[in-house]
Every structure is written in C-alpha cells, then in structure tokens.
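After the structure tokens below, expect a handful of questions from me.
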There are 2 protein chains.
Amino acid sequence: MGITKTQMFSEKQNDLAQFFKVLGHPARVAILQYISNQNACICNDLVEEIGLAQATISQHLKELKSIGLLNGEVEGKSMCYCINVERWTTIQDQLNSFFNTTKSNCC
Amino acid sequence: MGITKTQMFSEKQNDLAQFFKVLGHPARVAILQYISNQNACICNDLVEEIGLAQATISQHLKELKSIGLLNGEVEGKSMCYCINVERWTTIQDQLNSFFNTTKSNCC
DNA sequence: TTTATATATTGCAATATTACGATAATATTT
DNA sequence: AAATATTATCGTAATATTGCAATATATAAA
C-alpha cells in the first residue's frame, strides 16, 4: 500500500514520528548544518553548497518549514532562511523526553 | 527518481539521517514505547496491541534492529525483544550533539 | 510424529518520496 | 519597460515505503 495508518496512533506519536521523518534525510540534515554554520542565515548558496538541483533544495526547505524548523524572510530578490531556535529547542525537548521515558523501563 | 543521493553527504550525515528515518514512523515509535512499558520485554502482543498485521510488525521490528536499537532473543516459541540501552543512549547522544551544535550558531 | 503457535520472509499492490527540468512568480537592475 | 536573478511550483519518472496475504521456518505441546 504505502500509506501509513496514522489513525491507529496518538497525535503525540504521529507528531514525534513526523519530526523524525523530516529530519530523516541527509540533504535536510546538511541544510540545517549549513544554515547554522553561516553566522548570517544566507540561503541558496545551498544549491551550490549541497549540489542538488534548485527545485530539489526548495522542496527540502519546504519540508523543514512544514514542522516550523525554519523561518524564511524575503531579502531583496533572495530568501533568507533561518533556524527557528525556539521551535528547535521545543522539538529537541520532545525528542529527549521520548528517549528518556522510553529508555527508563527497559530490561 | 525516489533515490536518495547519499554519496553527496558525509557518513555522519547519512548515519544521522538514517537514525531519524527509522524513528520516523508512528508504528515504530509505538513499538518502542510499548516494549519499554512492559518491565519484561515481552513481544508480539505487539500485533494485538498495535493493530497492524503480523507481517507488518515483523518488518518494523527488522528496521529497528537494523540500527541496533533492539535486541531479540528466542524465548520458547516466542521472541523477546528488548531495547539495547547502550545503543539507545549512544544514538540519543548523537542526536543531541547534532541539535546542540546546529542550534548554537543561528541568527 | 503430528499439531499448534509464533515469527520471518516473499510477493504484490497502493501510495509516498526523491529528484529534476520546465515554467511561473517575484523582485532587482538597467 | 525589459532584462536578469532568485525562488516556488508543476509535472513527471524512478525508486522506496507501507501493509497485507500467503507461505516458510522454528519451537512447543500433544
């Protein structure tokens, strides 16, 4: 089938899985690392830096935006993408909470 | 295409993305949570508990094993799956390291 | 040994993801 | 206004993932 049966799971479980999923592609990991390494949050240098087509990068950026990890603002004719630190921290906390509570009862 | 161009990325980036990807499905999140909630690491109660077909659960377990998150051992005619706590902690550390280093330089 | 139970694997259908070229949309420069 | 540059979206092809029924495998019980 190829369709995930999300209705079987809690909203929390689906959200958590969604975060993990969005982070689960090396291009998106690389994009986040690159954005953070530039003190300024300059943008589609990403196309050159990463080496995927512009359309592809744009798609990956869209997915990162979809979970609120990136803010984008118009900068002349370019877009300036920037990590949303507050959201970043929230997601990190949620993932850690998952890791900590899940590990604790194990044999 | 549908094929991820892993050769463009570092081994670390690919590994990190792989961990995220395996965790990026609600059934696998639920499986880990259920295994951890049972003090004993009893197993395919999972089929009943989660409500997916036996073949599907078995596949998800295989993916969790593939990144070393689960240990399985034969228990009579059943399998007893168990979170590999050492591996669990290692992965948690790697994810946190990614989160911390990536967040720190942002505007 | 036969039967029953639990898990893994195989094969398949349906949907999702990845990637890119082409094109549209937007803003800047001339 | 026209030309240029940057990003987003659309359409499409190739591959991956999800899920299940059917089957294989392995162990336990009768």
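Reminder, nothing fancy here: chain letters follow the sequence lines and each chain counts from 1. Just so you know, these numbers come straight off a predicted model, no measurement behind them.
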Determine which pairs satisfy salt bridge (charged side-chain N to carboxylate O under 4.0 Å, His left out) with at least one residue from residues 79-89 of chain A, sequence neighbours left out, and list them in order. none
Comparing nearest nucleotides in DNA chain C, the 5'-proximal residue of the pair E63(A), E75(A) is E63(A)
Gap between atoms CD1 and P, on I57(B) and dT7(C) respectively (whole Å): 11 Å
Nucleic acid contacts - residues 9-19 of chain A versus DNA chain C, non-hydrogen atoms under 4.0 Å: none
Any donor-acceptor pair under 3.5 Å linking the side chain of T89(B) with the backbone of V85(B)? yes
Correct closest heavy-atom pair for Y81(B) and I35(B) would be O-CG2, 3.8 Å
V22(A), L23(A), L61(A), N84(A) screened by side chain to side chain contact (heavy atoms under 4.5 Å, CB included) with L69(A), the one that passes: L23(A)
A correct 5'-to-3' footprint of nucleotides 2-9 of chain D, with B, S and - meaning base, sugar-phosphate only and no protein heavy atom under 4.0 Å, is ---SSBBB
Whole Å only: how far is the CE atom of M8(B) from the P atom of dC20(C)? 6 Å
Return the minimal non-hydrogen interatomic distance between L52(B) and M8(A), and the atom names on each side. CD2-SD, 3.5 Å
Check DNA chain D against residues 21-31 of chain B and give the residues with a non-hydrogen atom under 4.0 Å, in numerical order. K21(B), H25(B), R28(B)
Rounded interatomic separation in angstrom, taking CG from L64(A) and C1' from dT17(C): 15 Å
Rounded off to whole Å, could you give me the CG-to-C1' distance for the L70(B) and dT7(C) pair? 15 Å
What is the minimum heavy-atom distance between T101(A) and S36(B), and which atoms define it? O-OG, 3.9 Å
Whole angstrom is fine here: how far is it from CD in Q7(A) over to P in dT18(D)? 15 Å
With under 30° as parallel and over 60° as perpendicular, where do the rings of H25(B) and F9(A) fit, or are they tilted in between? perpendicular
Within the structure, does a side-chain N or O atom of H60(A) lie under 4.0 Å from either OP1 or OP2 of dA19(C)? yes
Please report the closest heavy-atom contact between P26(B) and A17(A), naming both atoms and the distance. N-CB, 3.3 Å
Kindly assign one of parallel, tilted or perpendicular to the pair W88(A) and F99(B), based on the angle between their ring planes and the thresholds 30° and 60°. tilted
E73(A) has an atom CD; how far is it from atom P of dT26(C), in whole Å? 18 Å
Got a list of side-chain donor-acceptor pairs under 3.5 Å for residues 70-80 of chain B, not counting sequence neighbours?
none

Just how far, in rounded Å, is C1' of dC20(C) from CD1 of I3(B)? 14 Å
Between T4(B) and G51(B), who's closer to the 5' end of DNA chain D by nearest nucleotide? T4(B)
Listed once per pair and sorted, the side chain to side chain donor-acceptor pair (under 3.5 Å) pairs that draw on residues 51-60 of chain B, sequence neighbours left out: R28(B)-H60(B)
